[in-house]
Number of protein chains: 2
Amino acid sequence: MASIGQRNRLQYIILGLLNQRPQTGYDLAKAFENEIGEFWQAQHSQIYPLLRRMEAAGEITHEDTVAGEKLAKKQYTLTPSGHDKLVAWVSEPSPELTPSKDEFILKLYFIKTDTDPRIQPMLREQLRLHQTQLDHLESRRKTVFSTDDAKEQAYGHYLILDHAIERERDYVAWLTKYLTD
Amino acid sequence: MASIGQRNRLQYIILGLLNQRPQTGYDLAKAFENEIGEFWQAQHSQIYPLLRRMEAAGEITHEDTVAGEKLAKKQYTLTPSGHDKLVAWVSEPSPELTPSKDEFILKLYFIKTDTDPRIQPMLREQLRLHQTQLDHLESRRKTVFSTDDAKEQAYGHYLILDHAIERERDYVAWLTKYLTD
DNA sequence: CTTAAACATGTAATTAATTACATGTTTTAA
DNA sequence: TTAAAACATGTAATTAATTACATGTTTAAG
């Protein structure tokens with residue numbers, strides 16, 4: 001048990017999020033709908049069992065609280081051991097060259113000729129999709145990082161948003177390159 | 001069984017590959033080490049069982065051949081039903097906005113201040129990694145698509161390589177933006 | 001007031017994917 | 001000629017991840 005070999009990166013992300021502030025499983029799940037979601041995904045059904053295992057391993061602890069009359073909440077915090085583990089993860093090299101997946105590009109791949117009538121509508125559909133996402137990300141940057149101060153206060157958040165924006169921008173540019181109208 | 005709901009995109013990629021030419025499971029696994037590997041990954045241990053299931057479902061068939069004295073090979077080909085399924089997949093919309101993962105970006109995210117001494121070495125390490133990958137992809141494009149003819153003969157292959165190159169180029173540019181030396 | 005959305009926590013079932021185990025043949029280079 | 005690399009096919013064990021099931025509370029809007 002606890003052997004090396006299986007990566008389980010989610011646990012490190014949870015450690016990182018809890019290092020920012022104590023949070024509930026629900027809060028953590030929410031984080032994956034916002035900026036983190038651009039670079040990692042997880043559902044609450046994956047998070048709750050993992051929190052249990054991490055607590056059993058002594059990396060986090062929780063405190064039971066009650067919101068309102070009787071809504072039970074578990075606020076999780078890092079233990080010193082969990083904090084050590086987080087620091088070790090950030091410091092270790094990341095030589096993986098993230099294996100990424102893209103179903104749309106593969107569909108294009110299986111279209112043999114550049115005159116196939118399906119190509120242009122497909123490109124347009126993807127352009128709409130990525131343009132929408134880009135607009136959404138840019139407007140979020142405008143509201144969240146309106147001041148230089150905000151940028152300094154949450155540098156990691158700024159970086160991750162900037163990277164997501166660049167990624168979408170570049171995807172849009174690539175699609176546009178092959179659009180003929 | 002065979003319900004909708006679970007995506008299983010690998011089967012479509014296999015259909016697409018077999019549509020290009022009849023191939024063995026080994027050949028298919030190899031394809032994921034080359035251009036396809038930039039956008040999808042699969043090991044032979046995932047491929048062989050899936051080929052079985054797809055054959056049972058009537059989407060592909062195989063022919064036993066022998067290489068040399070006694071090396072058994074199974075050449076798989078599409079059935080008409082499998083071909084229909086491939087065409088339907090390519091034609092259906094791809095509104096998923098591919099959930100992607102990036103461990104390195106997340107590590108940066110958990111570093112709070114822009115003066116943290118770990119940031120610059122981390123950026124340099126990633127730059128080296130992505131620059132190497134970019135060089136590799138560009139040299140492959142140079143050798144495989146030296147003529148316009150080659151480009152027309154395998155347009156899908158060209159597209160997928162071009163997209164991979166752009167992606168790496170942009171990643172390198174983004175990393176460089178935050179490097180201070 | 002009432003109802004829908006958001007808050008909050010879990011488990012069950014299933015599928016996707018990786019790593020390891022297992023075996024044998026053919027080709028190529030030293 | 002011999003050893004390593006590539007060819008070729010599978011299964012087993014485990015982990016990661018998604019979808020669905022299941023229940024209850026609090027808040028905000030109409």
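Since we're looking at a predicted model, the values are computed, not measured. Throughout, protein chains are lettered first and strands after them, A, B, ... in sequence-line order, and every chain is numbered starting at 1.
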**Report entry** CA sep, side-chain torsions, deciding dist, call: A:E35, B:Y109, side chain to side chain donor-acceptor pair (under 3.5 Å)
**Finding:** CA-CA 10 Å; A:E35 66 262 17; B:Y109 176 64; 2.7 Å; yes

Query raised in the report: For the side chain of A:Q41, counting heavy atoms from C-beta on, which of D:dT18, D:dT9, C:dT11 is nearest?
Result: D:dT18

Query raised in the report: Roughly, in whole Å, what's the span from CD1 in A:I47 to P in C:dC7?
Result: 14 Å

Query raised in the report: Can a donor-acceptor pair under 3.5 Å be found between the side-chain atoms of B:T24 and the base atoms of D:dT9?
Result: no

Requested in this report: When you get a sec, tell me which of C:dA17, D:dG10, C:dT9 is the closest nucleotide to the side chain of B:K74?
Outcome: D:dG10

Query - Nearest-angstrom distance from the residue atom CD of B:E69 to P of C:dT25 - result: 11 Å

Query - Candidates C:dA8, D:dT11, D:dA17 - which lies nearest the side chain of A:D27 - result: C:dA8

Query raised in the report: Would you say B:K74 and B:T24 make side-chain contact, with heavy atoms under 4.5 Å?
Result: no

Query raised in the report: A:L71 side chain: which of D:dT25, D:dA16, D:dT11 is closest?
Result: D:dT25

Requested in this report: Ignoring the backbone of A:Y26, work out which of C:dC7, D:dT18, D:dT11 is nearest its side chain.
Outcome: C:dC7

Requested in this report: Using atom CG of B:L50 as one end and atom C1' of D:dG10 as the other, report the distance to the nearest whole Å.
Outcome: 14 Å

Query raised in the report: Looking at A:E38, A:R140, A:E166, which one forms a side-chain contact (heavy atoms from CB on, under 4.5 Å) with A:L161?
Result: A:R140

Query raised in the report: In whole angstroms, how far is the P atom of D:dA17 from the NE2 atom of A:H44?
Result: 16 Å

Query raised in the report: Are any of A:K70's side-chain N or O atoms less than 4.0 Å away from OP1 or OP2 of D:dG24?
Result: no

Requested in this report: Would you mind telling me which residue lines up with the more 5' stretch of DNA chain C, A:A67 or A:S45, judged by nearest nucleotide?
Outcome: A:A67

Requested in this report: Mind telling me whether B:W89 and B:Y12 have parallel, tilted or perpendicular rings, with 30° and 60° as the class edges?
Outcome: parallel

Query raised in the report: Does B:K101 make a side-chain N or O approach to OP1 or OP2 of D:dA17 shorter than 4.0 Å?
Result: yes

Query raised in the report: Are A:Q23 and A:K30 close enough that a side-chain donor and a side-chain acceptor fall under 3.5 Å?
Result: no

Query raised in the report: Given C:dT18, is OP1 or OP2 found less than 4.0 Å from the side-chain N or O atoms of B:Q43?
Result: yes

